[in-house]
Amino acid sequence: MTSGSGGCGEDSGGRGTGAATEDFLAHRNLLFTVAYEMLGSAADAEDVLQETWLRWAGVDLAEVRDRRAYLVRITTRQALTRLRALGRRKESYVGSWLPEPLLTSPDVAEDVELADSVSMAMMLVMETLAPTERAVFVLREVFDVGYDEIAEAVGKSPSAVRQIAHRARAHVAARRPRGDGSPQRTRDALDAFRRAVETGDLQGLLDVLAPDVVLLGDGGGIKQAVLRPVVGADKVARLLRGGLRKVPAEVTLRPALVNGGPALVVHLDGELDSVLAVRVDDGLVTGLYAVRNPEKLSHMARETVLRR
């Protein structure tokens, strides 16, 4: 379906790259969201969009029935290729690998399904899927793409895609975070947690942390972070209190929406140091995801628009 003139001339319908650009920009936020949910990396998702554009610019638009679907197909194929390469890179990653945090707007949090799908906890569940399973799950469960379209995107038959979707859905359901249905309880828990951390209140931390709370850290071998999960309220509380006491700098914790959920953005002497995404279930903090790797913090300077 590519025209011989590539992305620079007129297509066979007499329309230049202006039409291709217009279509691409109209769906760019959607394509970024698809790529990010598949990869867990905003930097890699941006690279996928660049590759998608290069291929899209050479397509004969007169032969494309559904441009949105065609763009999603290109993006999915590019993301799958990159996802397999990422898997090899993660094998040598120092410590825990966490998704790249995104500063998101309130409208993402209001879309419950989208917020759930990009949450740190859910992204880590999707990390346990094989690449094709993850692509099928994301396209079907998050973006409601039809089986025939998914089949074209992943290079499988529609019947095979249905089986993959069923398997992936069951896999995720068995590991899916419970979530908290009350935004107010979530805000209250985040406020209580922040106050306890800022004041070094051990009992306050123990009161807001779930007994089986899990803390994960990602320093990428660049910044100091816990190399293995820390489990249990007492261990997590003492680690947080002890860690802050050792910091020879002014620490500020700013509440924020990260990946559609509650988080604290940590600054040391005014400089961005880390992002602590917080998972709340039934009014208690059950998951803490601390990203300190500076290579993963570039998207915290401004809000990232996510779309379904």
Side-chain angles (χ1 to χ4, degrees), residues 1-3 6-7 11 17-61 63-90 99-100 102 104 108 111 113-118 122-123 126-127 129-158 160-161 164-165 168 172 259-260 298-299 304-308:
M1 289 190 180
T2 58
S3 63
D11 63 31
T17 55
T21 302
E22 185 178 323
D23 289 324
F24 182 82
L25 291 178
H27 299 299
R28 189 187 189 285
N29 293 331
L30 163 70
L31 302 177
F32 175 86
T33 308
V34 169
Y36 175 73
E37 291 212 17
M38 286 183 59
L39 299 166
S41 164
D44 284 291
E46 292 285 2
D47 287 344
V48 162
L49 259 61
Q50 290 291 329
E51 293 160 2
T52 298
W53 163 248
L54 291 174
R55 283 157 178 77
W56 175 245
V59 169
D60 183 347
L61 299 186
E63 296 184 21
V64 179
R65 291 187 303 276
D66 185 335
R67 296 181 184 182
R68 178 183 183 274
Y70 198 99
L71 280 162
V72 168
R73 189 189 316 163
I74 298 174
T75 300
T76 300
R77 287 175 178 170
Q78 298 306 312
L80 263 176
T81 299
R82 191 162 289 253
L83 184 58
R84 294 182 178 110
L86 271 178
R88 291 190 290 273
R89 282 177 13 207
K90 290 173 189 174
E100 188 173 346
L102 302 178
T104 48
V108 173
D111 184 339
E113 289 184 3
L114 178 59
D116 175 65
S117 69
V118 297
M122 188 60 173
M123 295 282 279
M126 290 195 287
E127 280 291 312
L129 294 169
T132 301
E133 288 178 329
R134 184 166 182 169
V136 170
F137 180 85
V138 167
L139 293 177
R140 183 62 188 168
E141 299 301 313
V142 182
F143 297 96
D144 198 29
V145 177
Y147 289 113
D148 289 346
E149 289 180 30
I150 297 174
E152 288 195 52
V154 301
K156 302 282 185 182
S157 69
V161 165
I164 293 169
V172 170
N259 287 57
S298 62
H299 278 71
T304 297
V305 179
L306 300 175
R307 287 286 181 268
R308 284 202 297 159

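Between A151 and S157, the shortest heavy-atom distance links the atoms CB-C, 3.9 Å. Between G260 and T104 the shortest heavy-atom distance is N-OG1, 2.8 Å. Across A19 and L61, no two heavy atoms sit closer than the pair CB-CD1, 3.8 Å. Nearest approach of M123 to P99, heavy atoms of both residues: CB-CG, 3.6 Å. Scanning both residues, A35 and T75, for their nearest heavy atoms gives CB-CG2, 4.1 Å. Across all non-hydrogen atoms, the minimal contact from L139 to A153 is CD1-CB, 4.3 Å.
Atom NE2 of H27 and atom CG of L49 lie 12.5 Å apart (nearest 0.5 Å). Atom CZ of R134 and atom CG of L80 lie 10.5 Å apart (nearest 0.5 Å). In this structure, E51 CD and R77 CZ are separated by 14.0 Å, a value rounded to the nearest 0.5 Å. From T76, atom OG1 reaches atom CD1 of I150 across 8.5 Å, with rounding to the nearest 0.5 Å. S117 contributes atom OG, which lies 11.0 Å from atom CD of E141 (distance to the nearest 0.5 angstrom). Taking CZ of R82 as the start and CE of M38 as the end, the distance is 11.5 Å to the nearest 0.5 Å.
The list of ring pair (Phe, Tyr, Trp, His ring centres under 6.0 Å) pairs with a residue in residues 129-148, not counting sequence neighbours, is empty.
Listed for the Y36 side chain is a donor-acceptor partner under 3.5 Å among the backbone atoms of E100.
Tested against R308, the residues D144, D111, T33 include a single side chain to side chain donor-acceptor pair (under 3.5 Å) partner, D111. Here the rule is side-chain contact (heavy atoms from CB on, under 4.5 Å) with V118, and of L102, L306, V142 only L306 fits it.
Around CD of E46, the count of heavy atoms belonging to other residues, nucleotides or ligands within 6.0 Å exceeds 12.
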Walk me through it: do I164 and V154 pass the test side chain to side chain contact (heavy atoms under 4.5 Å, CB included)?
-> CA-CA 11 Å; I164 293 169; V154 301; 5.8 Å; no

Go through the steps to decide whether L30 and V34 satisfy the test side chain to side chain contact (heavy atoms under 4.5 Å, CB included), and finish with yes or no.
-> CA-CA 6 Å; L30 163 70; V34 169; 4.2 Å; yes

May I have the step-by-step check of side chain to side chain contact (heavy atoms under 4.5 Å, CB included) for F32 and V305, ending in yes or no?
-> CA-CA 9 Å; F32 175 86; V305 179; over 6 Å; no

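For E152, the side-chain contact (heavy atoms from CB on, under 4.5 Å) criterion is met by R73, not counting sequence neighbours.
Side-chain atoms of T132 and R84 form a donor-acceptor pair, as typed in the model, at a separation below 3.5 Å.
Using cut-offs of 30° and 60° for the angle between ring planes, the Y70 and W56 rings count as tilted.
Of the charged side-chain nitrogens involved, none lies within less than 4.0 Å of a carboxylate oxygen, so that R140 and E149 do not count as a salt-bridged pair.
Residues L114 and R307 form no side-chain contact, since every pair of their non-hydrogen atoms from C-beta on lies 4.5 Å or further apart.
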